[in-house]
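First the structure, in the form of structure tokens, and then the observations on it.
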Amino acid sequence: MVKNIAIDGPAGAGKSTIARKLARKLGFRYLDSGAMYRAVTWQALKQEIKLDDERTLVSLAEGMEIVFLPPAEDGISPLLVGGQDITKEIRQPIIDQNVSLVAKVKGVREAMVRQQRKMASTGNIVIDGRDIGTRVLPEADLKLYITASLEERSKRRYQEQLFKNPLVNYQEIKNKIIRRDKIDCEREFSPLVKDQDAILIDTSNLPIEEVINKIMQLIKDGEHND
Ligand code: DC
């Protein structure tokens, strides 16, 4: 029986939408590990901590209590820090631009990984991120690496942001994705890589529903082989 599913991949590949739908279908919880790095970044910016001050960032991350509430009607789990709901705040462009710098700090990662493993310990969970199959849950029952071409990922982020800001610039969004990919893939600690056991799914030309069907089939096949 599949009890935990690890999903990794770059920004804009469709991981969180897929993870959320999959969790709902299976009756599992969904943990958005990227939201936790975003929460640390939000708190650091709020306290005006310099993002190259690693010691202060680590003690901030170690002392932070990050709480996810059960999903609201839109399927998104509100995220609380110190009792404050910061679900919307962590999606602001200022967080997008800075989160990779916080997520590359070793001690910050260690603090987050500890909390993620604790949340996953009771099973029946889908977690998405960059290091779930390689570090957080190396024994996961099913590991997926979800990706899409740079063009397609940039196009998706552009469409998403166009809703909020009609003046948004495609090339700027693409450049920001290139920069984030570079930091996430080249950092020293737990860089984004495909785990050797992970099944690669390229969503460039695949609608979400087809991706979900494919994963459900993988789960079924896995159960036959148990
Ligand atoms: O998935 P996201 O865009 O919300 O992730 C935000 C940032 O956090 C991203 O730049 C990479 C980092 N991250 C990470 O390093 N490890 C994870 N498990 C999840 C996210």
Side-chain angles (χ1 to χ4, degrees), residues 1-11 13 15-16 18-44 54-55 57-71 75-83 86-87 90 95 99-146 183-185 187-199 215 218-219 222 226:
M1 279 286 280
V2 168
K3 285 215 171 304
N4 49 30
I5 300 177
I7 302 184
D8 291 301
K15 292 186 307 292
S16 59
I18 292 163
R20 195 173 293 122
K21 281 184 186 266
L22 194 62
R24 198 177 314 144
K25 223 169 170 134
L26 295 166
F28 282 15
R29 288 168 298 139
Y30 162 53
L31 173 60
D32 174 357
S33 68
M36 298 173 70
Y37 292 96
R38 288 172 177 271
V40 179
T41 308
W42 175 81
Q43 187 74 40
E54 298 202 354
R55 276 176 63 165
L57 282 178
V58 173
S59 71
L60 176 77
E62 284 176 343
M64 259 177 82
E65 200 204 352
I66 300 173
V67 175
F68 287 96
L69 297 181
I76 295 178
S77 293
L79 186 158
L80 311 190
V81 165
I86 58 164
T87 316
I90 60 169
I95 306 294
V99 62
S100 289
L101 300 174
V102 174
K104 75 183 175 118
V105 179
K106 184 169 183 251
V108 171
R109 302 201 66 79
E110 286 169 346
M112 294 302 109
V113 169
R114 263 198 303 277
Q115 290 198 33
Q116 289 156 12
R117 286 187 179 146
K118 203 164 148 199
M119 291 187 228
S121 62
T122 49
N124 292 1
I125 194 164
V126 181
I127 312 188
D128 78 343
R130 305 293 188 285
D131 62 341
I132 309 304
T134 51
R135 175 139 172 79
V136 180
L137 296 177
E139 306 295 330
D141 300 317
L142 178 63
K143 296 183 189 179
L144 303 167
Y145 188 87
I146 296 194
I183 304 177
D184 292 343
C185 294
R187 69 181 176 219
E188 190 178 354
F189 308 105
S190 304
L192 170 65
V193 284
K194 180 189 160 304
D195 186 84
Q196 56 178 5
D197 299 335
I199 296 164
I215 300 171
L218 287 171
I219 295 172
D226 272 350

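All values derive from a computational prediction rather than experimental measurement.
Using a 3.5 Å distance cut-off with no hydrogens or angles, the side chains of Asp184 and Ser100 do pair a donor with an acceptor.
Between the side chain of Lys15 and the backbone N or O of Gly9 there is at least one donor-acceptor pair closer than 3.5 Å. Side-chain atoms of Arg38 do not come within 3.5 Å of backbone N or O of Thr87 as any donor-acceptor pair. The main-chain N or O of Met64 is found under 3.5 Å from a side-chain atom of Gln115 such that the two form a donor-acceptor pair.
Minimum interatomic distance between Ile95 and Ile90 (heavy atoms only, all atoms of both residues): CG2-O, 3.5 Å. Across all their heavy atoms, Ile132 and Gly129 have their closest contact at CG1-N, 3.6 Å. Closest approach of Ile127 to Ser33, counting heavy atoms only: CG2-CB, 4.3 Å. Pairing each heavy atom of Tyr30 with each of Asp32, the nearest pair is OH-CB, 3.3 Å. Met1 and Asp141 make their closest contact through O-OD2, 3.9 Å (heavy atoms, listed as atom of the first residue, atom of the second, distance). Residues Pro78 and Pro70 share a closest heavy-atom pair of CD-O, 3.5 Å.
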inquiry  = Apply side-chain contact (heavy atoms from CB on, under 4.5 Å) to residues Met119 and Phe68 and explain how you reach the verdict.
reply    = CA-CA 10 Å; Met119 291 187 228; Phe68 287 96; 4.2 Å; yes

task = Apply side-chain contact (heavy atoms from CB on, under 4.5 Å) to Glu110 and Arg135, showing your working.
result = CA-CA 10 Å; Glu110 286 169 346; Arg135 175 139 172 79; 4.1 Å; yes

message = One pair to check against side-chain contact (heavy atoms from CB on, under 4.5 Å): Ile146 and Asp128. What are the steps and the verdict?
response = CA-CA 10 Å; Ile146 296 194; Asp128 78 343; over 6 Å; no

Derivation and outcome, side-chain contact (heavy atoms from CB on, under 4.5 Å), residues Ile219 and Leu26 = CA-CA 10 Å; Ile219 295 172; Leu26 295 166; 3.9 Å; yes

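Atoms OG and CZ, on Ser77 and Arg20 in that order, are 7.5 Å from each other to the nearest 0.5 Å. Note that CG of Leu31 and CE of Met36 are 6.0 Å apart. Values are rounded to the nearest 0.5 Å. Between atom CD1 of residue Ile125 and atom CD of residue Gln116 there is a gap of 9.5 Å, rounded to the nearest 0.5 Å. Atom CG of residue Leu144 and atom CG of residue Leu142 lie 4.5 Å apart, to the nearest 0.5 angstrom. Atom NZ of Lys104 sits about 6.5 Å away from atom CD of Glu54, to the nearest 0.5 Å. Taken to the nearest 0.5 Å, the CZ atom of Arg114 stands 5.5 Å off from the CD atom of Glu62.
With respect to Asp131, the salt bridge (Lys or Arg N to Asp or Glu O under 4.0 Å) criterion is satisfied by exactly one of Arg109, Arg117, Lys194: Arg109.
Taking the side chain as every heavy atom from C-beta outward, Asp8 and Asp195 never approach each other to under 4.5 Å.
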